[in-house]
Asks: 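Please find one structure pasted underneath; my questions will follow.
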Amino acid sequence: RFTYNALILALVRGGREKEARRVMEQEMLGTFPPEAFTYNAVIQGFCDKGDLTTGFKLLEDMKSKGVQTNATTHGVILKALCQKGDADKALAYVKSIDSSSEMDVVSYSTLIKLLFKARRVTQACNLFDEMVKLGCKPNAVTYATVVDGLCKAGRVDRGLKAFEQMLDSGCVPNPHCYTVMIDGLCKARKLEKAIELFEKMAKQDCSPDAVTYTTLVDGFCKAGRLGEARKLVNLMIQKGKDPTVVTYGCLIDGFCKKCRVDEALPMVKEMESRGLKPNVFVYGSLINGFRLAGRMDEACNMLTEMNSRGLRPNAFIYTTIVDGLSTVGRMAESQAYFEAMVNNGCVPDAVTYGTIINQFCKHGNMEAAWSVLNMMLKSGMKPEALVYNSLMDGFYRLGKVDRAEQVYKTMAKQGCKPT
RNA sequence: AGCCGAAGCAAGACUUUA
C-alpha cells in the first residue's frame, strides 16, 4: 500500500496525474481499501493542472466510496480555488464541509490567502479571528499571509499590528514573516522602520535569507539610495547569502531609473560571472534605462541581444521601446516595433495602448488617440485614469473643450475614477 | 503511519516650472 502511494505521489509530482489516477483506480483499489491520502494526492495532481472538474469528480468518488475527507483534502481543494481566484466557491466549499473533518491551520491559511487575493480584506480578517476562536492556532505561515495581505491592501499599520500580535502569541517568526513585513514597510515608504526590523532579525537568531536581502535592496533602490543598495549586496555576498537574479534585477533597475545605465551594465557582467543569467526583467530594466537616457539605438540593440539569447521579449519590453522611440520623434520606427510585437505573437496590453494614446496626444494627433481609445473599449480593456487624463489634456491644449468633455463623460461611463 | 495541502522580493505609459 505504501508502495502504491509512493508511486502515485511520484507520478503526480512528475505531472503524470492521469497515470496516477489509473494506478489508483485500476490497480490499487482492487487490493486495498481506498484512503484519503491517495485521493488527496491524485486530486492535487489534477488541480495543479487546472483541471478542477476532474478534481471535484474524484472528490465525489472519494465520498461515495465512504472515504472520509480530511483537512488536507480541503487544503488541496482550496489551493486550487485560490489559484483560480474563486473566493465564493471556496467559501461555499468550506460551508459544505461536515463537522467530522475539520479545517486545520493549513486549510485556513489557504483560504485567508484567497480572500486577500480577492481583495476581501475584512472577510480575511474575520476568518483569521474565527480560526483563533475555534481553537486553531495560527502559525508562522498564517501570520505571514495575514501581514502580507494587509500590507498589499495598503494597510501597513494593521500589518504591523498583526506582526506584533504574532510575536506576542509566542509564534516563532521565520525569515518569510520578516520579509513580508519589511516589504510592506518599504513599499509604504517607511524605509527606516524596515531597516530597523532587518537589523533586529539577525539579533533574533533569524538571519535574513536571500529574499529578505533582496527585498531591502529593492527598498533602497526605490528610494534612490543606490549606494546603500550596492553595499547591502556586498554584505550578502560576504555573509554567504548568494544574490539571485532578482537581487541583481533590483539593483540594475535602481541604477537605470536614475539614468545611470552605464553603471548598471557592469553589474550584468558581474551577475554573469556569478553564474546568473540576465532574464527578461533585467533586460526590461536596461532597455528602460536607455529609454530614460534617450539612447534608443542602444535600447533596440538590447532587444536584439535578448532575442539572440533566446529570451522572448514581452509586452513590457516592446512597450518601453515603442514609447521611447515616439518620445524622441522616431514615429515610423516606433510603429514598426509595435507591428513586430504583434507579428511575434506578443499581445499588446492596456499599458501598450495607453502608451500609444499618450504619444498621439503629445504629438497633437488627437483623432488617432481617440480612435485607439475606442478600440480599447470595444475590446473590453479598461484604460487607467491617466489615459483619459492624457486625452483630456491633449484636447484642452488644442482648445477643443467639448471633446475633452466627451472624454470625461466616457471616463465616467466606464466607471473610471478621476485622479 | 511513510515528509498528500498553505506564506515573501525585481522591469513598461500621464502630470515638472529648473
Asks: To the side chain of A/Lys152, which of B/rA11, B/rC9, B/rA7 is closest?
Replies: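 The listed nucleotide nearest to A/Lys152's side chain is B/rC9.
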Asks: Taking the basic N atoms (NZ, or NE/NH1/NH2) and the acidic carboxylate oxygens, is any pair closer than 4.0 Å for A/Asp297 and A/Arg330?
Replies: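 Salt bridge present between A/Asp297 and A/Arg330.
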Asks: Side chains of A/Asp148 and A/Thr145: any donor to acceptor distance under 3.5 Å?
Replies: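 No.
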Asks: Report yes or no: is there a donor-acceptor pair, N or O only, under 3.5 Å between the side chain of A/Thr319 and the base of B/rG12?
Replies: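 For A/Thr319, whose side chain was compared with the base of B/rG12, there is a donor-acceptor pair (under 3.5 Å).
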Asks: Rounded to the Å, how far apart are A/Ile112 CD1 and B/rG8 P?
Replies: 14 Å
Asks: B/rG5, B/rA11, B/rG8: which one has an atom nearest the side-chain heavy atoms of A/Gln44?
Replies: B/rG5
Asks: Is a donor-acceptor contact shorter than 3.5 angstrom present between the side chain of A/Thr73 and the base of B/rG5?
Replies: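 Donor-acceptor pair under 3.5 Å: no.
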Asks: Please determine whether any donor N or O and acceptor N or O are separated by less than 3.5 Å between the side chain of A/Asn314 and the base of B/rG12.
Replies: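 Answer is no: no donor-acceptor pair is held.
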Asks: Roughly how far apart are A/Leu91 CG and A/Gln123 CD, rounded to 0.5 Å?
Replies: 5.5 Å
Asks: A quick test of your reading: do over 12 heavy atoms of other residues, nucleotides or ligands sit less than 6.0 Å from CZ of A/Arg274?
Replies: yes
Asks: Return the nearest nucleotide to the side chain of A/Val246; candidates are B/rG5, B/rA10, B/rA7.
Replies: B/rA10
Asks: Whether the side chain of A/Thr145 and the base of B/rG8 hold a donor-acceptor pair under 3.5 Å is what I'd like checked.
Replies: no
Asks: Can you figure out which of B/rC4, B/rG5, B/rC9 approaches the side chain of A/Lys79 most closely?
Replies: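 For A/Lys79, the side-chain atoms sit closest to B/rG5.
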